[in-house]
Amino acid sequence: MPEPRYASPESSVNIPDDIATPITPAPPGRWIPGEVGIWVFIFTDLTVFGMYFATFFHERNRNPAAFAHGTAQLSPFVGALNTALLLTASLFVALAVQALRAGRVTPARNYLLSTGLCGLAFVVNKFFEWHRELTAGYGPHHDNFFQLYYMLTGLHLLHVLIAVVLVSYLWRMAGTATAPLSPRRTRFLENSANYWHLVDAIWLVLFAIFYLAR
Amino acid sequence: MTVSTPNQVENAEANTRYLVLAWATLMTLTALSWWLGAEHGVSPDLATAAILTIALAKVFVVGRSFMQVRHAAPILQALVAGWCAITYTALITIAI
């Protein structure tokens with residue numbers, strides 16, 4: 001007997017099946033957004049970044065003057081602007097998930113397009129920010145602060161680029177979707193949305209430790 | 001074609017309001033932590049502790065609201081809260 005699959009408690013429609021296994025409302029305490037695999041990835045990624053955050057403060061304790069100088073070279077305005085872009089993108093993704101579940105394709109595509117534009121704006125902003133810092137002589141070899149700064153923000157930027165590709169794929173998928181979405185597409189939508197929120201969550205800590213911590 | 005009952009429309013509207021409220025909270029907390037990051041007579045250790053508290057609280061809010069963890073199985077809710085608590089404790093311990 002095939003394993004039952006569950007719809008989100010927020011689903012406003014009964015989603016028909018694409019491969020003959022009915023989706024039923026999740027029994028209390030069983031539903032997870034997306035698949036187990038994406039959550040294994042999310043916690044692995046969060047743990048790796050968590051160790052880097054700890055490394056940052058460990059190195060900061062060894063050389064507080066260099067880290068205070070490094071933070072002073074970064075623009076908190078630019079960091080806050082990038083934070084606002086990612087938070088707004090996350091809101092759009094969450095609204096797109098809700099709209100697609102309800103079969104409202106046009107608003108969902110608009111939300112996804114807005115998400116992608118916020119993501120691209122983050123990338124452009126980061127490019128100009130790095131350019132400004134590099135031309136001021138603060139490259140990755142300057143000291144431990146900038147080594148960690150370029151490594152972690154670079155790793156995060158790679159996450160953003162992957163998230164933008166996923167969202168552009170979702171935008172295309174939504175264009176050919178017939179309401180309501182099939183379970184396979186619903187899972188892909190939820191997995192991709194959660195990946196985007198992961199990228200957002202990592203940046204929230206990066207912003208705090210590199211731009212603000214004193 | 002999808003037909004929504006008034007109850008479903010109401011649920012969608014309530015969920016949209018929840019998401020927008022979460023976004024507004026996150027933006028406000030961002031502004032607050034930006035303010036704390038500047039010199040305002042607050043001691044650096046206290047400012048850093050407050051900034052880290054706000055950052056991990058924001059991650060928790062992102063998980064609960066945008067990632068829909070508030071509706072998820074209790075084990076996932078516990079894992080997300082646990083990651084935030086452990087990371088927060090570790091960072092505060094090392095940083096302060």
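All values reported here derive from a predicted model rather than from experimental measurement.
In the model, Y149(A) has a side-chain atom that pairs as donor or acceptor with a side-chain atom of E133(A) under 3.5 Å. Checked by atom type, the side-chain pair D143(A)/H69(A) shows no donor-acceptor distance below 3.5 Å. A side-chain donor-acceptor contact under 3.5 Å links W35(B) and H40(B).
Within the 6.0 Å centre-distance limit, the rings of H159(A) and F49(A) are counted as a close aromatic pair.
Your options are L52(B), T87(B), V61(B), and the one with the most heavy-atom pairs under 4.5 Å with chain A is L52(B). The candidate from I54(B), V59(B), L56(B), T93(B) with the greatest count of non-hydrogen atom pairs under 4.5 Å with chain A is V59(B). Counting heavy-atom pairs closer than 4.5 Å to chain B, the top residue among V97(A), I202(A), T88(A), V93(A) is T88(A). By number of non-hydrogen pairs under 4.5 angstrom with chain B, the leading residue of T83(A), N61(A), L46(A), I32(A) is L46(A). Chosen from L76(B), I75(B), V69(B), the residue pairing most often with chain A at heavy-atom distances under 4.5 Å is L76(B). Taking chain B as the reference chain and counting heavy-atom pairs below 4.5 Å, the highest number among A80(A), A201(A), P76(A) is found for P76(A). Contact count against chain A (heavy-atom pairs under 4.5 Å) is highest for A38(B) among A38(B), A31(B), A22(B).
Looking at W34(B), the atoms closer than 4.5 Å to chain A (heavy atoms on both sides) sit in the backbone and in the side chain alike. Proximity to chain B is absent for every atom of Y211(A), based on heavy atoms less than 4.5 angstrom apart. With a 4.5 Å cut-off on non-hydrogen atoms, L36(B) touches chain A through its backbone but not through its side chain. Looking at T71(A), neither its backbone nor its side chain comes within 4.5 Å of chain B, counting heavy atoms on both sides. Heavy-atom distances place both the backbone and the side chain of N194(A) under 4.5 Å from chain B. Neither the backbone nor the side chain of A193(A) comes within less than 4.5 Å of any heavy atom of chain B. At a 4.5 Å heavy-atom cutoff, A90(B) makes no contact with chain A through either its backbone or its side chain. Residue contact with chain B, scored on non-hydrogen atoms closer than 4.5 Å, involves the side chain of I209(A) exclusively. Looking at S90(A), the atoms closer than 4.5 Å to chain B (heavy atoms on both sides) sit in the backbone and in the side chain alike. Heavy atoms closer than 4.5 Å to chain B are found in the side chain of F207(A), but not in its backbone.
Dense packing is recorded around CZ of F43(A), with more than 12 heavy atoms of other residues, nucleotides or ligands lying under 6.0 Å away. By the 6.0 Å contact criterion, OH on Y169(A) is open, its count of non-hydrogen atoms from other residues, nucleotides or ligands being 12 or less. Taking a 6.0 Å sphere around CH2 of W171(A), one finds it holds 12 or fewer heavy atoms contributed by other residues, nucleotides or ligands.
Between E129(A) and K126(A) a salt bridge is recorded (basic side-chain N to carboxylate O distance below 4.0 Å). With respect to the salt-bridge test (charged N to carboxylate O, under 4.0 angstrom), the residues E59(A) and R62(A) qualify.
Just one residue in the list F57(A), Y138(A), F67(A) forms a ring pair (Phe, Tyr, Trp, His ring centres under 6.0 Å) with F145(A), and that residue is F67(A).
With rounding to the nearest 0.5 Å, the separation of CG in L161(A) from CZ in F122(A) is 9.5 Å.
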